[in-house]
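The structure under discussion appears below in the form of structure tokens.
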Amino acid sequence: LDRRPAESRPFRFPDRCPACGAAAVREPGGAIWRCTAGLVCPAQVEARLEHLVSRAAFDVEGLGKKQIPQLLEAGLLREPVDLFTLPQDPPRLARLRELEGWGQRKIENLCRAIESRRRPPLDRFLFALGIRFVGEVTARLLARHYHDWPRFRAAMDRLVAREAATREDLLAIDGIGPAVVDSLAEFFAEPRNRDAADRLAAVLDIRPVEAPRARASPLAGKTVVFTGSLTHMTRAEAK
């Protein structure tokens, strides 16, 4: 401290994202500050879209780590809903044909792949949003509890409004803890996240998810473990 210049001042970490201006937050006791505008922040959009089209989310064949940056750079994608409006947008499709590696057949295959993913089940949709701490298992728990998107969305509005009963209802779900609930509240408290999720939901037919009915089965109550190599499917497919 005796080497510190006399004019030094404590550093105030910015509480706004330098890329989009959304609130930046740090968990109590944590070190990392995170932008809360996940779906639309330009600094995050590339990774968010790659997650959205990944196998465990929407599983859109023909899009990945190579194609997403290309489409972003060309201005053909800005947020998740742009992916599902692309097949019905002739001007954007014409611009896509001008990009390197995009012939007519490849574009037709991409459009078919996108159209085939317009009816995701609620758990895949929630996972695709990329909400922190909401992985495949947590998304499935939430989907089985709320069943459909309107009920889930309404619950998130109540959670953001700090309704105690909604928070307690979430915490009562086996496998859902305070970190998940706080992350959901943080995500839906950001207006741009809410709007982006709503715009995406509006162009999709999100299928309800029902909790599985308990019934007698040789596998009931057991844990299944895959060991060694699988010959006919990937480990994720087997799961």
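Since the structure is predicted, the reported quantities are computational estimates derived from the model, not experimental observations. What's counted below: heavy atoms across the whole structure, side chains too, no hydrogens, waters or symmetry copies.
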Check against side chain to side chain contact (heavy atoms under 4.5 Å, CB included), E61 and R117: CA-CA 10 Å; E61 189 175 349; R117 296 296 183 260; over 6 Å; no
Under-4.0 Å salt bridge between R118 and E115: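 Yes, R118 and E115 are salt-bridged.
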NZ/NE/NH1/NH2 to OD/OE distance under 4.0 Å, R192 and E79: no
Contacts of R207 that satisfy salt bridge (charged side-chain N to carboxylate O under 4.0 Å, His left out) - sequence neighbours left out: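 Here no residue qualifies.
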Sidechain-backbone polar pair: R167 side chain, V181 backbone, donor-acceptor under 3.5 Å: no
Pairs flagged by salt bridge (charged side-chain N to carboxylate O under 4.0 Å, His left out) wherever residues 1-24 is involved - sequence neighbours left out: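 Qualifying pairs, neighbours excluded: none.
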same_hphob_cluster(L122, I173) at 4.5 Å side-chain heavy-atom cutoff: yes
Over 12 foreign heavy atoms within 6.0 Å of CZ, R158: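 More than 12 within 6.0 Å, yes.
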Interatomic spacing from CD in E163 to CD in E168 - rounded to 0.5 Å: 9.5 Å
Euclidean distance, L184 CG relative to I176 CD1, rounded to 0.5 Å: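 One finds 7.5 Å between CD1 of I176 and CG of L184.
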Verdict with supporting geometry, L110 and W102, side chain to side chain contact (heavy atoms under 4.5 Å, CB included): CA-CA 10 Å; L110 174 62; W102 287 93; 3.6 Å; yes
Worked verdict on L204 versus F84 for side chain to side chain contact (heavy atoms under 4.5 Å, CB included): CA-CA 8 Å; L204 300 174; F84 288 93; 3.7 Å; yes
CA sep, side-chain torsions, deciding dist, call: D148, R153, salt bridge (Lys or Arg N to Asp or Glu O under 4.0 Å): CA-CA 9 Å; D148 58 43; R153 185 65 182 80; over 6 Å; no
Remaining members of hydrophobic cluster (4.5 Å side-chain criterion), W33: F11, F13
